[in-house]
Amino acid sequence: MNDQQSDGAGESDALVSRSGGQAVVEALHASGVDLVVGYSGGGTGAIIHHIATSGMANMNARTELSGAWISYGYNRVKGRAASACLFHCVGALHAAPVVYASKVDSTPFFMMDVNLDSSLDFREGLQDSAELLSALKPIAKHARKAVLADDLPLAVRQAVLAASTGRPGSSVLDLTLQSVTHETACLVEPLALPEPPAASEATIARALSMIASAKSPILFVGGGVHLAQATAELQAFAESLGIPMVSTSWGGRGAVSDDHPLFAGVVGSFGWESANSIIQQSDLWIAVGTTFSQMTTGAWNIDKPSNVIQIDVDPNQLGKIFQPTLGITGDAKVVLRQLLDGAKKNNVTPASGGAEVNAIAASKEEWFKYHDELCRDPGSDKKVNQYYLIDQMAKALPEGSIVVGDSGGQAFMLYRSFHYKQVTPMPLGSRYMSLGAGLPVAMGAKLAAPERTVVSYHGDGGFYYDCMELSTLAERNMKVIIVIDNNHCLYANRQGMSLWGIQNPWVDLPESTDFVALAKAQGVDGERVTDPADLPAALERAMAAEGSYLLDVWTDPDTRIRRAIRDVIPILSDRKPQQGAGAHMGPPLEGSWPA
């Protein structure tokens with residue numbers, strides 16, 4: 001319902017009074033939110049009613065945590081806070097991991113909770129949640145409390161704006177019960193997100209001068225390219241100047257096809273050794289949307305050149321870990337377009353004329369031979385090798401498939417080894433990496449991109465967290481393929497502990513769990529695969545199924561995670577190899593990136 005009624009002559013009648021809950025829904029529509037994911041409880045009904053009657057798409061998940069991950073995945077593919085979450089106050093804390101993950105992963109996320117009437121803050125009310133906002137505020141990008149109905153349209157608007165602009169992140173809105181039940185005549189204004197920031201002409205000119213002087217420049221591509229939806233601009237700029245590209249192993253994967261002649265590979269701890277070699281031979285990095293994180297740099301073990309151009313929408317990232325030669329604050333899409341236009345206008349090319357495509361091809365061929373060798377090994381007792389599983393998925397799935405890896409060793413290998421045949425969105429960030437996000441994030445990605453094949457590639461440890469969402473898939477008739485890389489252990493944890501010589505029975509998981517029976521009990525068909533020879537046909541059946549389909553693939557628990565930077569455990573604080581027992585649990589890093 002509109003807040004103002006026009007008589008057609010430009011004059012407006014009195015503003016319409018309605019409940020705060022209805023004003024929230026109007027503000028969601030006006031702010032570009034097209035999906036609400038929630039869980040019923042307490043006063044949420046005062047908003048749910050208006051969501052349902054307004055025609056806005058909505059769904060409930062089985063837990064607040066899963067609902068929040070669904071919204072996370074949806075927004076990451078959409079590139080803005082296009083969905084919102086709605087929970088009862090005490091349930092909202094279940095979603096705290098997603099609030100924090102969205103902040104550190106630069107993912108747009110907007111969560112509302114309906115709290116108790118503020119008078120109960122003084123009266124020991126049931127489900128006391130007076131400290132909810134103070135608990136969530138330190139882990140959110142933006143957090144506010146609304147007590148009056150008149151403040152709700154503005155509060156929603158500010159939350160969506162904060163989540164979607166600058167470095168994206170999480171917005172939390174804590175709504176008192178009286179604010180959504182009382183009346184308000186406050187105006188709802190349409191939200192038009194501001195133009196993303198651009199660089200100055202002088203800065204672009206300086207960057208192009210550095211590129212023209214470089215003998216072997218390289219584009220260092222991170223997740224910010226996906227978040228800015230700048231993959232087309234990236235490819236156009238690289239092709240125009242003949243500059244090779246490397247991607248980070250999580251956020252930057254899929255920003256360009258693996259088959260592109262200028263794509264030199266994946267860098268970092270679980271990247272390609274060939275790509276790590278190429279990037280260390282460069283005399284200029286043009287880093288776009290990457291934070292130079294621990295995993296991307298092998299705990300800062302790769303050698304950086306003397307000249308680095310760093311482009312990021314967040315000025316606080318520039319110089320955070322080391323001082324770049326030139327830091328550019330700006331949106332990746334806008335700045336890449338500026339660089340391309342400037343290069344064409346001034347006929348700028350690298351001094352070397354760009355890297356030799358043949359050299360890139362030879363380096364990639366080295367990696368592919370190594371990868372094929374890994375995939376041919378069937379593993380012990382004929383159990384499925386994890387690299388073989390990933391390879392068969394890449395061969396069977398259609399182009400444009402979105403594969404969402406959960407956390408753990410199987411995810412490390414997925415983003416390293418899966419063959420990206422074309423530009424593909426990355427629905428999961430690379431920093432927080434918590435078990436149990438894979439399936440709901442994949443569901444959010446499917447809702448955002450229903451035309452794509454979506455796969456949740458899960459470890460068995462993580463699947464215990466979110467397997468209840470199988471029933472949501474069946475209820476909503478959604479098609480997501482679930483592949484469980486089931487090695488009956490917490491794989492990455494087990495390997496790390498063994499390197500330290502620690503006896504840890506907590507990393508072992510039971511073989512007795514029947515995930516296929518669990519899926520069928522919730523309305524999702526599936527099968528178990530224990531023989532490598534049966535895998536291709538099983539994948540075909542999964543793709544042909546009308547609804548969601550689960551493959552419980554028993555994999556070899558002794559498959560080794562082969563790192564691209566040896567003798568470093570980057571999930572800890574190692575910068576350089578240390579000697580002696582317990583060395584990997586030694587003192588923290590000192591200073592910044594070593595020269």
Original post:
Judged by atom type as modelled, is there a donor-acceptor pair below 3.5 Å linking the side chain of Asp258 to the main-chain atoms of Tyr420?
Top reply: yes

**OP:** Dump the intermediate steps for side-chain contact (heavy atoms from CB on, under 4.5 Å) on Val308 and Phe292, then the final yes or no.
**Re:** CA-CA 12 Å; Val308 176; Phe292 301 110; 4.2 Å; yes

Subject >> Donor-acceptor contact present, side-chain Thr424 to main-chain Ile402, <3.5 Å >> reply: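 Side chain of Thr424 to backbone of Ile402, a donor-acceptor pair under 3.5 Å: no, none is there.
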
Original post:
For Ala394, does its backbone N or O pair with a side-chain atom of Lys421 as donor and acceptor, under 3.5 Å?
Top reply: yes

**OP:** State, to 0.1 Å, how close Pro557 and Cys489 come at their nearest heavy-atom pair, and which atoms those are.
**Re:** CB-SG, 4.4 Å

Original post:
Is a side-chain donor-acceptor pair under 3.5 Å present for Tyr387 with Arg416?
Top reply: yes

Subject >> Residues, nucleotides or ligands: over 12 heavy atoms within 6.0 Å of Tyr465 OH >> reply: no

Original post:
Is it true that a side-chain atom of Gln323 and a backbone atom of Gly319 form a donor plus acceptor pair closer than 3.5 Å?
Top reply: no

Original post:
Under 3.5 Å, is there a donor-acceptor pair linking the side chains of Arg167 and Ser106?
Top reply: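 Short answer, yes.
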
Subject >> pair Leu389-Tyr457: side-chain heavy atoms closer than 4.5 Å >> reply: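 Yes - at least one pair of side-chain heavy atoms lies under 4.5 Å apart.
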
Original post:
Is the backbone of Pro398 close enough, under 3.5 Å, to the side chain of Ser401 for a donor and an acceptor to pair up by distance?
Top reply: yes

**OP:** Search all heavy atoms of Gly459 against all heavy atoms of Ile484 and return the closest pair with its distance.
**Re:**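 In terms of heavy atoms, the two residues are closest at C-CG2, 4.2 Å.
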
In residues 310-317, what donor-acceptor pairs under 3.5 Å come from side-chain atoms, sequence neighbours left out?
residue, atom, partner, partner atom, Å
Gln310, NE2, Gln317, O, 3.3
Asp312, OD1, Asp314, N, 2.9
Asp314, OD1, Asn316, N, 3.0
Asp314, OD1, Asn316, ND2, 3.4

Subject >> Side-chain donor-acceptor pair present, Asp34, Tyr74, cut-off under 3.5 Å >> reply: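 Result is yes, a qualifying pair exists.
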
**OP:** Could you list the residues that satisfy side chain to side chain donor-acceptor pair (under 3.5 Å) with Lys344, not counting sequence neighbours?
**Re:**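 Applying side chain to side chain donor-acceptor pair (under 3.5 Å) to Lys344 gives none.
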
**OP:** List the atom of Gln386, the atom of Met413, and the distance in Å for their closest heavy-atom pair.
**Re:** OE1-CE, 3.0 Å

**OP:** Measure across Ala332 and Gly224 and return the closest heavy-atom pair with its distance rounded to 0.1 Å.
**Re:**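 In this case the closest contact between Ala332 and Gly224 is CB-O, 4.0 Å.
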
**OP:** Step by step, work out the side-chain contact (heavy atoms from CB on, under 4.5 Å) result for Ile243 and Ile211.
**Re:** CA-CA 10 Å; Ile243 301 177; Ile211 293 169; 4.0 Å; yes

**OP:** Tell me, with the steps shown, if Leu161 and Leu193 meet side-chain contact (heavy atoms from CB on, under 4.5 Å).
**Re:** CA-CA 7 Å; Leu161 184 67; Leu193 295 177; 4.0 Å; yes

Subject >> Check: Phe109 ring centre within less than 6.0 Å of Trp69 ring centre >> reply: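 So the answer is no for these two rings.
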
Subject >> Least distance between heavy atoms, Arg253 atom then Phe418 atom >> reply: NH2-O, 3.0 Å

**OP:** Over all heavy atoms of both residues, which pair between Trp285 and Ile279 is shortest? Give the atoms and the distance, please.
**Re:**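 Between these two residues, the closest heavy atoms are NE1-O, 3.0 Å.
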
Original post:
Counting distance only, does the side-chain N/O of Tyr100 pair as donor-acceptor with the main-chain N or O of Tyr432 below 3.5 Å?
Top reply: no

Original post:
Quick one: does Tyr72's side chain have a donor or acceptor within less than 3.5 Å of a partner on Val98's backbone?
Top reply: no

Original post:
Do Pro168 and Thr107 have side-chain heavy atoms sitting under 4.5 Å apart?
Top reply: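 When only atoms from C-beta onward are counted, Thr107 and Pro168 do not touch, as no gap falls below 4.5 Å.
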
**OP:** Please work out whether the ring planes of Phe368 and His419 are parallel, tilted or perpendicular, with thresholds of 30° and 60°.
**Re:** tilted

**OP:** Kindly state whether the ring of Tyr415 and the ring of Phe270 have centres lying under 6.0 angstrom apart.
**Re:** no

Original post:
Does a donor on one side chain and an acceptor on the other come within less than 3.5 Å for Ser277 and Gln281?
Top reply: yes

Original post:
Is a salt bridge present between Asp391 and Lys395, judged by a nitrogen-to-oxygen distance below 4.0 Å?
Top reply: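 Yes.
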
Original post:
Is there a donor-acceptor pair closer than 3.5 Å between any side-chain N or O of Asn385 and the backbone N or O of Asp556?
Top reply: no

Subject >> Qualifying salt bridge (Lys or Arg N to Asp or Glu O under 4.0 Å) pairs with a residue from residues 318-334, counting only residues at least two apart or across chains >> reply: Glu233-Lys333

Subject >> Donor-acceptor under 3.5 Å (Ser247 side chain, Val221 main chain) >> reply: no

**OP:** Kindly indicate, with the supporting measurements, whether the criterion side-chain contact (heavy atoms from CB on, under 4.5 Å) is fulfilled by Phe220 and Thr248.
**Re:** CA-CA 8 Å; Phe220 196 141; Thr248 58; 3.7 Å; yes

**OP:** Calculate, to the nearest 0.5 Å, the distance between atoms CG and CG belonging to Asn486 and Leu551 respectively.
**Re:**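 Here the interatomic distance stands at 12.0 Å.
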
**OP:** Please determine, by modelled atom types, if Asp466 and Ser66 share a side-chain donor-acceptor pair under 3.5 angstrom.
**Re:** no

